[in-house]
Enquirer: 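Here it is, the structure in full.
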Amino acid sequence: MAAVAPADEGKPQPYSFDLGHLLCNDPNPLPDTTSDPTNPSDREAIIASTAQGCAQGLINQLLSACPINRSEDGDLQITLPNPSTPLPREKPVPKEKEKTKWEKFAEKKGIKDKKKDGKLKFDEALGEWVPKYGYKGRSNGAVSQDWMEEVDEKAEARQAVGGGEEEANGSGKPRGSKGGKGKKVR
């Protein structure tokens, strides 16, 4: 492989690099192009050659100063150093929010926010998360409070005499009756 000449060889000041940001800074001024303002192609050619020199210098610096590793996939990776040039913020630093009337009052009276514990708890017997209360909730493994229900004796007697016909349709009325006013069913 042939040795590549440094890109900033004929320049009065060398390039400065920040490899963390992949930055190449050329402090040298561009050559004067005001002698022939009618020919913009000369200006473009000068800018292109300067940009090419900076890119070549940056790549040479990356390959000589940074460690090159091979990944598990077989790709080559260059490990970049930490950036040394501080970049300005796009927007100003946000101002601290002014406290609301409630926050001032709560601070004055010593009121603190309640800690949210969440709705779920882990049931070790089941091995899953269940609600603390409400639908499908468990109450610390204790037996539920309504383990025994009262039975209406009159409804039981009617069901035994009627043969269960009343509850078959779920409405408590015998089959065939519409209930309410209107035509009678024959």
Side-chain angles (χ1 to χ4, degrees), residues 1-140:
M1 202 194 254
V4 178
D8 61 349
E9 191 172 282
K11 307 269 181 164
Q13 294 180 336
Y15 296 145
S16 60
F17 298 100
D18 180 7
L19 297 179
H21 288 302
L22 296 177
L23 172 70
C24 175
N25 186 17
D26 184 6
N28 301 305
L30 289 174
D32 188 19
T33 58
T34 57
S35 61
D36 188 12
T38 59
N39 192 359
S41 63
D42 289 343
R43 215 176 311 149
E44 292 295 323
I46 291 171
I47 292 173
S49 68
T50 306
Q52 181 183 1
C54 285
Q56 183 181 354
L58 178 63
I59 292 171
N60 289 343
Q61 191 72 19
L62 280 172
L63 295 175
S64 63
C66 296
I68 300 173
N69 304 322
R70 186 173 296 275
S71 69
E72 294 175 4
D73 299 337
D75 300 331
L76 294 177
Q77 296 178 345
I78 295 178
T79 306
L80 298 177
N82 291 332
S84 60
T85 305
L87 296 178
R89 289 178 61 101
E90 179 183 358
K91 297 180 180 170
V93 178
K95 297 176 184 173
E96 190 174 327
K97 288 184 178 179
E98 186 176 332
K99 291 186 179 180
T100 62
K101 287 183 179 181
W102 167 252
E103 289 172 340
K104 291 176 186 174
F105 175 78
E107 184 179 347
K108 181 180 174 183
K109 294 290 186 175
I111 300 172
K112 295 180 181 174
D113 291 337
K114 291 183 180 178
K115 187 175 181 182
K116 293 185 180 181
D117 292 331
K119 292 182 178 180
L120 300 176
K121 67 177 181 180
F122 189 75
D123 188 357
E124 294 177 3
L126 295 175
E128 59 185 33
W129 290 90
V130 293
K132 288 183 180 179
Y133 52 87
Y135 180 66
K136 292 188 178 179
R138 306 271 185 238
S139 58
N140 295 336

Enquirer: Any idea which heavy atoms bring Cys24 and Cys54 closest together, and the distance?
Expert: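 Taking every non-hydrogen atom into account, SG-O, 3.6 Å.
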
Enquirer: Of all residues at least two apart in sequence or in a different chain, which pass the side chain to side chain contact (heavy atoms under 4.5 Å, CB included) check with Ala45?
Expert: none

Enquirer: My understanding is that only residues two or more places apart in sequence, or in another chain, count here; which of them pass salt bridge (Lys or Arg N to Asp or Glu O under 4.0 Å) with Lys99?
Expert: Glu107

Enquirer: Any side-chain heavy-atom pair from Leu23 and Leu58 closer than 4.5 angstrom?
Expert: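 No, every pair of side-chain atoms sits at 4.5 Å or beyond.
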
Enquirer: Quick test of your reading: applying ring pair (Phe, Tyr, Trp, His ring centres under 6.0 Å), list the pairs with at least one residue in residues 46-98, sequence neighbours left out, ordered by first then second residue.
Expert: none

Enquirer: Not counting sequence neighbours, which residues clear side chain to side chain contact (heavy atoms under 4.5 Å, CB included) with Asp113? List them please.
Expert: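 Partners of Asp113 under the side chain to side chain contact (heavy atoms under 4.5 Å, CB included) test: none.
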
Enquirer: Determine the minimum heavy-atom distance between Gly20 and Leu80, stating which atoms define it.
Expert: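 Distance-wise, the nearest heavy atoms are O-CD1, 4.3 Å.
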
Enquirer: Can you name the side chain to side chain contact (heavy atoms under 4.5 Å, CB included) partners of Lys109, sequence neighbours left out?
Expert: Phe105, Ile111

Enquirer: Hey, could you give me each pair passing side chain to side chain donor-acceptor pair (under 3.5 Å) that has a residue in residues 77-89? Not counting sequence neighbours.
Expert: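 The answer is Asp18-Ser84, Asp18-Thr85, Asn69-Thr79.
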
Enquirer: Does the pair Thr50 and Asn28 meet the rule for a side chain to side chain contact (heavy atoms under 4.5 Å, CB included), with working shown?
Expert: CA-CA 10 Å; Thr50 306; Asn28 301 305; over 6 Å; no

Enquirer: Using the ring pair (Phe, Tyr, Trp, His ring centres under 6.0 Å) criterion, which residues pair with Phe122? Sequence neighbours excluded.
Expert: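 Here the qualifying residues are Trp129.
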
Enquirer: Considering residues at least two apart in sequence or located in another chain, which fulfil the side chain to side chain contact (heavy atoms under 4.5 Å, CB included) criterion with Ile68?
Expert: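 Expected list: Leu63, Leu76, Ile78.
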
Enquirer: Between Lys132 and Leu120, what is the shortest heavy-atom contact and its length?
Expert: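 Looks like CE-O, 3.9 Å.
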
Enquirer: Can you tell if the side chain of Glu98 reaches within under 4.5 Å of the side chain of Glu103, non-hydrogen atoms only?
Expert: no

